[in-house]
Amino acid sequence: MNIEIISVGKLKEKYLKQGIAEYLKRLGAYASVSVIEVADEPTGDNMSETEIEQVLAKEAERINARLAPGRKVIVLAIEGKIISSEELAAQLDQYATYGDSKVTFIIGGSLGLATELKKRADLSISFGRITLPHQLMRLVLVEQIYRAFRINSGHAYHK
């Protein structure tokens, strides 16, 4: 499989970079995985709805510019379908089985994702109703993708 993760914002924290690098290394045995960072827009407190929409629209433009045609698109959204690790594994396995081996996951910025991106997605998922910083979500996603491949390869991976 060929998996891309498009994420809004630059990862600065060393511990997150190290964790992601470790899982990307482990994933090399199963798939080609790349992380694409797009710039985030400055945000402030007490933003109006219009200002929020403008920020999301600018970030969506940058994401769309990096989205290659012919890929399955999965967005991470707190209101998405809550899925288990096993369900993610089954979904990736189904994509691979039916010729959709190019998958792009999208992680929005601190304000989330524009509605147009959510509508364009083939699937909108959530790992729960808790709010995580988008930088931390990148590590969680990479770990869950790794776990999915371990599940699909028949190796129990329950730490």
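When reading the values below, keep in mind they use all heavy atoms of this one structure, side chains included, and skip hydrogens, waters and symmetry mates.
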| request: For the pair E79 and K118, find out whether any cationic side-chain nitrogen is under 4.0 Å from an anionic carboxylate oxygen. | output: yes
| So, do S124 and K81 sit near enough that their side-chain heavy atoms are less than 4.5 Å apart? |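 The answer is no; the side chains never approach within 4.5 Å.
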| query | Does the side chain of I145 come within less than 4.5 Å of Y23's, by heavy atoms? | reply | no
Roughly how far, to the nearest 0.5 Å, is the [atom2] atom of [Y] from the [atom1] atom of [X]?
X   : Y    : atom1 : atom2 : result
I5  : E37  : CD1   : CD    : 11.0 Å
L27 : E143 : CG    : CD    : 9.5 Å
Y15 : L139 : OH    : CG    : 9.0 Å
E53 : S48  : CD    : OG    : 8.5 Å

| query | Could you go step by step and tell me if E116 and K119 meet the salt bridge (charged side-chain N to carboxylate O under 4.0 Å, His left out) rule? | reply | CA-CA 5 Å; E116 69 171 83; K119 286 181 180 175; over 6 Å; no
| said: Could you work out, with side-chain contact (heavy atoms from CB on, under 4.5 Å) as the rule, every residue matching S84, not counting sequence neighbours? | reply: E86, E87
| query | Residues sharing I63's hydrophobic cluster, by side-chain heavy-atom contacts under 4.5 Å among ILVMFWY, directly or via others? | reply | I6, V8, I36, V38, L67, V73, V75, I106, L113, L117
| message | Can you classify the ring geometry of Y30 versus F149 as parallel (below 30°), tilted (30 to 60°) or perpendicular (above 60°)? | response | parallel
| remark: Here the salt bridge (Lys or Arg N to Asp or Glu O under 4.0 Å) pairs for residues 97-112, sequence neighbours left out, are K72-D100
